Q: 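Please find one structure pasted underneath; my questions will follow.
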2 protein chains.
Amino acid sequence: MKKTASVAAFPAPGHDHDRCATDAIAHAESLCVARAQRLTPIRRRVLEALLATHKPLGAYEIIERMGGKAAERPAPITIYRALEFLRENGLVHRIESRNAFIACIHKHASGDPVVFLLCERCGAVGEAASASIAETLKSASRAAGFTPKTPVIEIAGICSHCREG
Amino acid sequence: MKKTASVAAFPAPGHDHDRCATDAIAHAESLCVARAQRLTPIRRRVLEALLATHKPLGAYEIIERMGGKAAERPAPITIYRALEFLRENGLVHRIESRNAFIACIHKHASGDPVVFLLCERCGAVGEAASASIAETLKSASRAAGFTPKTPVIEIAGICSHCREG
DNA sequence: AAATATATGTTGCACTGCAACAAAAAGAGC
DNA sequence: GCTCTTTTTGTTGCAGTGCAACATATATTT
């Protein structure tokens, strides 16, 4: 079930999550090797914490989910630095309307505009990449004499699993 | 120079700003009268502070721009409450990617998706309403089995005045 | 005028995000 | 190996966001 113009992915509740997390880590590793970037233990743990859920997490939630005793937990700044690294490498997105972060499972090219679908009920986040959306936004921007760079598109609503279930 | 599908407005540096602010206040007043809502002095001052610039302002910036001696300035919570009121009535938008707020000059219908164009150089924010964008986003959402509600679209880039000037 | 609803003030706190400097760890060059 | 350099992480501290909970004041209604 594939389309030419758009690809949409919403995490099904019963999907093989271990595998999708493992795949994402593997992808991150090979990508960092290819770019001579260092996926350090902390960065890896932050990514793993985000991959363990499909919900956007704030910095403090990430800290909590990284485990270890309270005294051993990294400071917020450490998390933000790891997130900065992961974002620069396209492994993590920031959900602006939530002040939170989510692991990227989409493997899109950098610069590709991504539409985030935020379920208001279960909190899960889907990604929909659409070339037509990108084109429409570009032309609308240019009609206003605007040179667009990084579009942020976030849509709140109800996902199919919550509506049907 | 008008289009059928999209209307774009980027504030020109030399536009008649007094008038655009006055108009917006007048619109806010008549709208509140029509809805039996109260445009109290504080709410009015918050709106005026936002109208005095076309840049998104944070809560503290709004407080500073509301004037008065430091001791007389309202607390942040007061600002947030006024912003909540103004947002509910479509007079103010929140720019999610900036954690800031901007007065609405667009007079669009509530629920209409608005595209915000954020100039990275001068900080001004333009609005572009586009029916085709709305349609494209809706169809992309539905392709993912998603029922969309409130879309957030923010595009960072360079406005025409900054590029040319 | 009293009762009710709405708006604002006060206090307090959890979280975001980062700057500036210090220390530790990893890589590069000899 | 060992030093030098770069990168990463730790520590401290702070400005800003956003709101909860309760108290007080101001409007509106009856």
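The shown structure was predicted, so the numbers you read here are calculated from the model rather than taken from an experiment. Quick note on labels: first sequence line is chain A, next is B, and so on, each numbered from 1. All values below were derived from every heavy atom in this structure, side-chain atoms included, with hydrogens, water molecules and symmetry-related copies excluded.
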Q: Across the strands shown, which category fits A:Phe101 at heavy-atom distances under 4.0 angstrom: base, sugar-phosphate, nothing?
A: sugar-phosphate
Q: Would you mind telling me which of A:Ile102, A:Leu91, A:Ile62 makes a side-chain contact (heavy atoms from CB on, under 4.5 Å) with A:Leu50?
A: A:Ile62
Q: Please identify each residue that fulfils side chain to side chain contact (heavy atoms under 4.5 Å, CB included) with B:Asn99, with sequence neighbours left out.
A: A:Asn99, B:Arg94
Q: Is the shortest side-chain N/O distance from B:Thr78 to OP1 or OP2 of C:dT8 below 4.0 Å?
A: no
Q: Output the rounded distance in Å from CD (B:Glu84) to C1' (C:dT6).
A: 13 Å
Q: Find which nucleotide of DNA chain D each of A:Ile77 and A:Asn99 is nearest to by heavy atoms, and output the residue with the more 5' nucleotide.
A: A:Ile77
Q: Going 5' to 3' on DNA chain D, which nucleotide is the first and which the last to come under 4.0 Å of a heavy atom in chain B?
A: D:dG16 to D:dT28
Q: Considering only heavy atoms from C-beta outward, does the side chain of A:Ile63 approach that of A:Pro76 to under 4.5 Å?
A: yes
Q: Using atom CZ of B:Arg35 as one end and atom C1' of C:dT6 as the other, report the distance to the nearest whole Å.
A: 18 Å
Q: Which residue pairs satisfy the salt bridge (Lys or Arg N to Asp or Glu O under 4.0 Å) criterion with at least one member in residues 114-123 of chain B, sequence neighbours excluded?
A: A:Lys149-B:Glu120
Q: Could you go through B:Ile77 and B:Ile79, starting from their C-alpha distance and side-chain angles, then the distance that decides it, and tell me whether this counts as side chain to side chain contact (heavy atoms under 4.5 Å, CB included)?
A: CA-CA 5 Å; B:Ile77 180 71; B:Ile79 306 301; over 6 Å; no
Q: Between C:dT16 atom P and A:Arg87 atom CZ, what is the distance in whole Å?
A: 14 Å
Q: Grab the CD1-P distance between A:Ile63 and C:dC15 for me, whole Å please.
A: 10 Å
Q: Pick base, sugar-phosphate or nothing for B:Arg43, based on heavy-atom distances below 4.0 Å to the nucleic acid.
A: sugar-phosphate
Q: Tell me the interatomic distance from A:Leu57, atom CG, to C:dT16, atom P, rounded to whole angstroms.
A: 10 Å
Q: Once each nucleotide of nucleotides 23-29 of chain C is scored for protein heavy atoms under 4.0 Å, what B/S/- sequence comes out, 5' to 3'?
A: ---SS--
Q: With a 4.0 Å cut-off on heavy atoms, is A:Arg73 in touch with a base, just the backbone sugar-phosphate, or nothing at all?
A: nothing
Q: Identify whether any heavy atom of A:Arg94 sits under 4.0 Å from a base atom; if not, whether one sits that close to sugar-phosphate; answer base, sugar-phosphate or nothing.
A: sugar-phosphate
Q: With sequence neighbours left out, which residue pairs that include part of residues 43-61 of chain A fulfil the side-chain hydrogen bond (donor to acceptor under 3.5 Å, both in side chains) condition?
A: A:His15-A:His54, A:His17-A:His54, A:Glu29-A:Arg44, A:Arg44-A:Glu48
Q: Which side-chain hydrogen bond (donor to acceptor under 3.5 Å, both in side chains) pairs, counting each pair once, include a residue from residues 150-163 of chain A, with sequence neighbours left out?
A: A:Ser97-A:Glu154, A:Arg163-B:Thr147
Q: Might you point out which heavy atoms bring A:Gly90 and A:Cys104 nearest each other, and give the distance in Å?
A: O-CB, 3.7 Å
Q: So, do B:Cys119 and B:Phe10 sit near enough that their side-chain heavy atoms are less than 4.5 Å apart?
A: yes
